[in-house]
Amino acid sequence: MTVKCIIDEDKLDKLASLAVNTGLSIKTNQDLLITSPVEALPLVRRIALHAYKAGANLVIPIFSDSELTLTRYGYAPNSSFDKAPDWLYKGMAEAFNNNTARLAIVGDDPMLLESQDPDKIGRSNKAVSKASKPARESITSFNINWNIIAWPGRSWAARVFPSLPIDEAQNQLAEAIFLASRVNTSNPGEAWAQHNADLLKRSSWLTQQNFDYLHFTGPGTDLKVGLANNHAWMGGASKCQNGIICNPNIPSEEVFTTPHRLKVDGTVSSTKPLSHQGTLIDEIKVTFKEGKIIEAKAAKGEEVLKKVLDADEGARRLGEVALVPDSSPISQSNILFFNTLFDENAACHIALGQCYSKCFKGGNDLSKKQIQQFGGNSSMIHIDWMIGSKAINIDGLHSADLPTPIFRNGEWAN
Ligand code: ZN
Ligand code: ZN
């Protein structure tokens, strides 16, 4: 099958090579599992080529299609929304146990499910979260090398650039993805090496400071985020338990760590809309007490937000806190992508739900029980939402000391 592709082929090829060689650092004889919208086939083909050239053993794609998803919502029996293909997720978990690398390509319309029944969406998300838990834990624990990149899907492009003709919108989105992914440079691999070194400098400083908590202040926000015992800050490249150093997110601008699930207090307002599995949740305002959200409001999508919070016991508590300066290329592009991979890298954010075991000192060797004792949260969800802007200040505190400025007006204080 020939696929018409109007996107810059040279940059697309650089993105594919970056995903394989820097994102995944795929190793000889490793299998690779790719999930992708069917629309991204031109990118998947290039990825497969680069993967085999790098010595990959088997490249296995699993495709999805927005039209098929909508057909399901329109015609599948109501009871089916409580079900997920368990066998598929079991297979994925088995593949990861056998050291298969994982590449996810995002690119669907972020508001695909906008006019679908929120109850069906909630139940379907819950069923998938439950079925995919073992596979997901291989990823969150970095058992294997994994990477997420983006394809400029046409419906997504139409959301981001609604006033442009569709071909132009897709090209603009492609250029925005290339810019944010540092593919516009002569040597993207080298650009990422430098970027990784910068992120490492920030994360090492924060880990060394070992703050008890961070204090976020800004419009509608006065939030104290206690940090987990033995927390470590991460950013950019990450060493996986299989020994491979991968860059899980392309793009990525954040340094992040694990909050203490019982020590978050105060009120926080979102600064960008959250596009969650097909619905938009906007102007979120929540209040935490002793780590738990006790009040939640949203101007848009409140019903979906409340379903998210009721997903399980850990869904009302934080699993991640992340710092991103307002001067990040994604923030400066002033594009609202309606996609967390991009929007989370435009602003400081927090995530509800599951923590990363990697964000602890010696994280690879910790048991689930130890992580819990240190204050790490566990949940079947992990949902990032943006709380940063150029109006936000952040201080780091130890219980007895004066605050150390970390961010002033949305930028690193030092
Ligand atoms: Zn994050
Ligand atoms: Zn996150």
Side-chain angles (χ1 to χ4, degrees), residues 23 102 104 106 110 125 129 132 136-142 146-150 180-181 195-196 199-200 202-203 206-207 214 216 223 225 227-228 231-238 246-261 264 268 270-277 281 284 286 293 305 308-309 311 314-326 328-331 337-360 363 371 376-389 392 394 406-407 410:
R102 164 86 165 96
V106 297
N125 289 346
S129 289
S132 62
R136 198 176 54 249
E137 280 177 355
S138 272
I139 304 291
T140 54
S141 315
F142 282 82
W146 58 276
N147 172 239
I148 307 178
I149 55 164
S181 309
H195 183 46
N196 279 329
L199 293 171
L200 181 64
R202 297 291 184 192
S203 57
L206 284 161
T207 301
L214 306 181
F216 288 77
L223 184 73
V225 178
L227 300 181
H231 69 268
W233 287 81
M234 310 289 302
S238 211
C246 73
N247 271 272
N249 289 1
I250 290 181
S252 179
E253 301 290 334
E254 59 173 341
V255 292
F256 58 102
T257 195
T258 306
H260 195 294
R261 75 177 191 288
V264 182
V268 62
S270 65
T271 50
K272 281 172 181 288
L274 161 63
S275 173
H276 175 62
Q277 299 184 339
I281 311 175
I284 304 169
V286 301
I293 292 180
L305 175 66
V308 164
L309 295 178
R316 284 176 181 266
R317 299 181 187 273
L318 292 188
E320 180 194 341
V321 57
L323 308 183
V324 180
D326 190 64
S328 91
I330 297 170
S331 175
F337 288 86
F338 303 102
N339 178 302
T340 303
L341 177 62
F342 290 82
D343 293 329
E344 79 159 342
N345 283 301
C348 293
H349 56 271
I350 49 181
L352 299 171
Q354 182 63 42
C355 73
Y356 286 104
S357 55
K358 188 87 189 161
C359 289
F360 289 93
I371 287 171
N377 192 34
S378 115
S379 168
M380 64 172 123
I381 66 158
H382 177 98
I383 297 168
D384 301 271
W385 51 282
M386 280 31 90
I387 63 166
S389 70
I392 208 100
I394 308 168
I406 301 176
F407 265 50

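Each ligand, and each atom within it, is numbered from 1 in the order the structure gives.
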Could you check whether any side-chain N or O of [X] sits under 3.5 Å from a backbone N or O of [Y], counting only pairs where one atom can act as donor and the other as acceptor?
| X | Y | result |
| --- | --- | --- |
| N377 | R261 | no |
| S328 | N345 | yes |
| D384 | A351 | no |

Could you pull out the atom name of the N/O/S atom in [X] that is nearest the Zn ion (ligand 1)?
| X | answer |
| --- | --- |
| E254 | OE1 |
| H349 | NE2 |
| E344 | OE1 |

Quiz item: For the residue pair F337 and F342, does the interplanar ring angle fall in the parallel (under 30°), tilted (30 to 60°) or perpendicular (over 60°) class?
Solution: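 Judged by the thresholds at 30° and 60°, the geometry between F337 and F342 is parallel.
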
Quiz item: How are the rings of F142 and W146 set relative to one another: parallel (under 30°), tilted (30 to 60°) or perpendicular (over 60°)?
Solution: tilted

Exercise. Quick one: report the N, O or S atom of D384 that is nearest to the Zn ion (ligand 2).
Key: OD1

Quiz item: What N, O or S atom of E320 is found closest to the Zn ion (ligand 2)?
Solution: OE1

